[in-house]
Number of protein chains: 2
Amino acid sequence: MTRLAGSSKLLRAMNESATLALLLDRGTLTRGDLREITGLSKPTTSEVMRRLTDAGLAVVVGHTSGGPGPSAEIYAANPAAGHAIAISVRETQSPHLCAVLCDLAGTEVARADVTAAADPVPAVAGLVDDLSRQAGLVPGSARLVQLGLPGSYDAAAGVIRHIDVPGWDRPGLVDDLATRLGATVAADNDVNLAAIAERHHGVAGAVESFALMWFSGGLGLAIDLGGTLLRGARGGAGEIGYVPVGLGRGADRTDLTDLAGGPAVLALAAEHGIDAATPEAAVAAGTPPFLDALAERIAYGLAAVAAVLDPPLIVLAGDVGRAGGDALADRVTAALRASTPLDTAIAATGVTEDPVLLGAQVAAQHALREQIITTLRDAAPAA
Amino acid sequence: MTRLAGSSKLLRAMNESATLALLLDRGTLTRGDLREITGLSKPTTSEVMRRLTDAGLAVVVGHTSGGPGPSAEIYAANPAAGHAIAISVRETQSPHLCAVLCDLAGTEVARADVTAAADPVPAVAGLVDDLSRQAGLVPGSARLVQLGLPGSYDAAAGVIRHIDVPGWDRPGLVDDLATRLGATVAADNDVNLAAIAERHHGVAGAVESFALMWFSGGLGLAIDLGGTLLRGARGGAGEIGYVPVGLGRGADRTDLTDLAGGPAVLALAAEHGIDAATPEAAVAAGTPPFLDALAERIAYGLAAVAAVLDPPLIVLAGDVGRAGGDALADRVTAALRASTPLDTAIAATGVTEDPVLLGAQVAAQHALREQIITTLRDAAPAA
DNA sequence: GCAATAGTTAATCAACTTGACTAACGCTCC
DNA sequence: GGAGCGTTAGTCAAGTTGATTAACTATTGC
């Protein structure tokens with residue numbers, strides 16, 4: 001990291017972005033509060049707020065009352081200063097897109113979804129226009145679009161890998177979308193976004209770090225280290241389906257997918273006399289012996305994760321994790337304690353909405369904040 | 001992170017620390033170079049350099065020549081502006097301490113070691129005094145001491161865990177050392193320090209991230225993510241000895257220590273007709289069939305690591321890893337390719353000196369730099 | 001009417017920049 | 001081989017930007 005150097009202009013830009021960041025983080029503050037936190041003087045605070053309100057980035061949302069003296073103005077970041085769009089891409093029978101438009105405060109302003117077999121670029125563009133119309137915004141006013149994908153995005157190569165949705169594996173797609181939409185387009189793995197949702201709206205709010213095991217048709221793992229997601233060399237971090245089980249080679253080789261992937265869960269359910277169409281249905285209908293057996297397999301995979309990462313918490317999420325709930329999480333905890341010296345806490349997901357879309361929404365909102373703050377710092381507004 | 005706000009004093013402090021950081025990072029620079037990189041004007045650069053040289057933090061080390069115009073002064077950070085001490089703690093028969101005193105440039109100034117059964121505090125203090133005397137420095141002039149420990153230091157609780165060296169498990173020891181020495185005392189796991197050595201003096205210089213498997217009496221793993229080490233919730237990240245092998249329970253339970261720990265390696269060697277006193281001797285004397293069998297076991301453990309983290313590189317280090325060299329690394333690569341779809345690169349360590357002490361030296365030097373830079377930023381020197 | 005507080009104004013101060021200037025060095029031309 | 005010229009390192013002086021201090025005005029509650 002290069003440390004910053006510069007002249008008084010840099011100083012003003014820094015003070016403005018520090019102030020805006022405080023308003024974004026803490027919600028509502030008076031000038032006095034800002035003075036206290038930033039350590040700036042009264043006239044400077046006033047000048048900074050004048051510029052921020054002139055630029056439409058901050059607004060007065062009320063006045064104090066009760067104490068002696070004149071009432072102080074209460075400021076907040078202007079929620080309408082920017083809008084971002086979160087889109088969750090899914091493959092059911094045909095490509096399906098769910099989208100939410102939210103403002104700078106993270107409030108949902110519009111929601112839409114579309115089932116489209118066509119080229120992703122016009123499909124996304126149409127969805128974005130639809131949302132803007134619904135929200136009564138000028139088309140193109142959403143400066144940031146966050147995609148949630150069932151695959152991994154390699155930003156260096158500009159290509160989405162391991163994705164089953166037709167049309168979405170085309171190299172350069174994300175860049176094409178960015179130019180077509182005139183917006184920054186971010187893309188991330190659905191499991192990673194579910195972890196973001198878990199941190200901000202689930203059970204992982206208080207912990208320093210955690211791992212989220214995504215347990216659906218396939219297996220995945222998101223690793224959140226102090227709020228930053230670990231992606232790995234080629235976006236392959238968390239591919240725990242490949243964790244080996246036993247020393248078998250060739251045809252005897254077994255990995256965690258063979259043990260706890262969708263088909264394996266259904267087979268295990270059948271062994272226990274449970275007839276279900278999907279793994280999550282099997283788990284929801286599960287008898288204690290079946291859940292015990294499944295928990296032991298999950299604990300096996302998590303033991304490897306815990307031995308490598310030592311996270312304070314592992315969250316069980318995805319369709320199966322949610323269906324299993326506390327009953328499954330408690331059994332996994334017991335199985336882990338019984339088989340290893342690791343005492344990592346295990347919990348079921350606390351997110352009730354669509355975790356991928358929700359996570360994309362949080363990610364979009366945060367990226368938008370960052371964008372606005374750095375824009376302020378880089379290009380000091382003209383007098 | 002709170003963004004900085006402040007007045008012109010902050011600006012000066014920022015410019016000084018940015019300039020000093022550049023000198024520390026890049027070695028030697030002229031005023032013109034500094035001007036270009038920082039974007040500051042000529043008079044400001046001169047003023048900053050005048051202050052840095054007055055404070056003894058920078059020195060003129062030469063003059064340019066050859067081109068037209070007057071010769072420009074070449075500056076460098078003053079190596080004698082600060083000294084740090086690295087100490088590696090080991091348990092052989094009795095506690096053994098190896099120590100190096102180095103200057104701000106990382107150059108070794110003095111070296112000493114001592115075998116002491118006594119209380120760690122006087123032992124370390126004596127060693128530190130000895131080094132200062134050797135180097136001709138005023139006692140107490142080393143402001144930073146970095147310990148390398150065969151255990152994990154829990155800074156929050158102030159206690160060193162999982163350490164076998166007598167006297168070193170006492171709670172509050174590190175704080176006691178800091179007050180006794182009048183210096184900042186940092187402590188870290190020996191495997192983590194070996195990873196730091198590997199990044200700066202071994203084969204991991206160019207990669208973004210890597211994992212280092214420490215393979216000696218016990219098994220350990222250090223995880224370097226972009227230059228930052230992952231420590232885990234309770235300093236337990238990288239305890240890969242606990243990675244389970246197969247689904248056995250109770251007495252049948254097997255983990256990676258059972259498979260590839262010191263006794264297991266010796267047993268495997270014996271099966272192959274190799275009689276050796278230590279695992280590293282067994283590996284050094286190893287026949288191809290033995291190495292193949294061992295590589296397969298190592299690859300099993302690394303498969304779990306690679307599936308979770310997806311590092312671009314895994315380094316085999318420790319006594320056994322070094323003894324195995326490329327022969328072992330190549331066999332592990334082949335075994336990993338044969339048993340999983342992961343194509344992580346595997347290499348033998350490139351560090352030839354004592355990796356723990358070397359890593360502690362690098363860590364100490366970097367912490368000292370950081371200390372000097374932040375001191376400069378926090379307390380602007382009086383005029 | 002008084003005490004306390006929000007916010008503004010005016011004067012001052014600190015730090016950086018611009019542009020001009022001095023001085024040193026190497027090259028070239030006579 | 002020496003004088004002159006172009007180029008470049010570094011300094012000086014003036015001006016600009018932005019923050020601070022301290023005084024002042026105005027508003028509110030008691």
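What you are looking at is a predicted structure, and each value in this text was computed from that prediction instead of being measured. Letters go in sequence order (proteins before strands), and every chain restarts at 1.
- Between the P atom of D/dA19 and the CE atom of A/Met14 lies a distance of 10 Å, rounded to the nearest Å.
- Proximity of B/Arg51 to the phosphate of C/dA15: no side-chain N or O atom is located under 4.0 Å from OP1 or OP2.
- Each of B/Gly39 and B/Lys42 has a nearest nucleotide on DNA chain C; the 5'-most of these lies closest to B/Gly39.
- Between D/dG18, D/dC12, D/dT20, one nucleotide has an atom nearer to the side chain of A/Pro43 than all others, and that is D/dT20.
- Atom CG of B/Leu40 is separated from atom C1' of C/dT18 by 14 Å (rounded to the nearest Å).
- A/Ser8 comes within contact range of at least one nucleobase, with a heavy-atom separation under 4.0 Å.
- In summary, the side chains of A/Arg31 and A/Ser46 do present a donor paired with an acceptor at a separation below 3.5 Å, with no hydrogens or angles considered.
- Counting all heavy atoms, side chain and backbone alike, B/Thr53 lies closest to B/Tyr75 at CG2-CE2, 3.8 Å.
- Going from atom NE2 of A/His63 over to atom C1' of D/dG29 covers 18 Å, rounded to whole Å.
- Nearest nucleotide to the A/Lys9 side chain, out of C/dA6, D/dT17, C/dA20: D/dT17.
- Going from atom CG of A/Leu11 over to atom C1' of C/dT17 covers 15 Å, rounded to whole Å.
- As a whole-Å value, the separation of A/Arg12 CZ from D/dA19 P is 5 Å.
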Mark up nucleotides 23-30 of chain C, 5' to 3', with B wherever a protein heavy atom is under 4.0 angstrom from a base atom, S wherever such an atom reaches only the sugar-phosphate, and - elsewhere.
-> -BBS----
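- B/Leu40 has its side chain out of reach of B/Leu34: every pair of non-hydrogen atoms, C-beta onward, lies at least 4.5 Å apart.
- Within 6.0 Å of CD in B/Glu108 there are more than 12 heavy atoms belonging to other residues, nucleotides or ligands.
- OP1 or OP2 of D/dA19 lies within a sub-4.0 Å distance of a side-chain N or O belonging to A/Asn15.
- If you measure from atom CD of A/Glu36 to atom P of C/dA6, you get 11 Å, rounded to the nearest angstrom.
- For the pair B/Thr44 and C/dA15, the criterion of a side-chain N or O lying under 4.0 Å from OP1 or OP2 is not met.
- Computed from coordinates, the B/Glu73 CD to D/dG10 C1' distance equals 9 Å when rounded to whole Å.
- Computed from coordinates, the B/Arg35 CZ to D/dT11 C1' distance equals 13 Å when rounded to whole Å.
- Inspection of the B/Thr184 and B/Gln371 side chains reveals an N or O donor paired with an N or O acceptor under 3.5 Å.
- In summary, the side chains of A/Ser132 and A/Asp129 do not present any donor paired with an acceptor at a separation below 3.5 Å, with no hydrogens or angles considered.
- Between A/Ile85 atom CD1 and A/Arg143 atom CZ the span is 12.5 Å, to the nearest 0.5 Å.
- Heavy-atom distances to DNA chain D give each of B/Ser46 and A/Ser41 a nearest nucleotide, and the one nearer the 5′ end belongs to B/Ser46.
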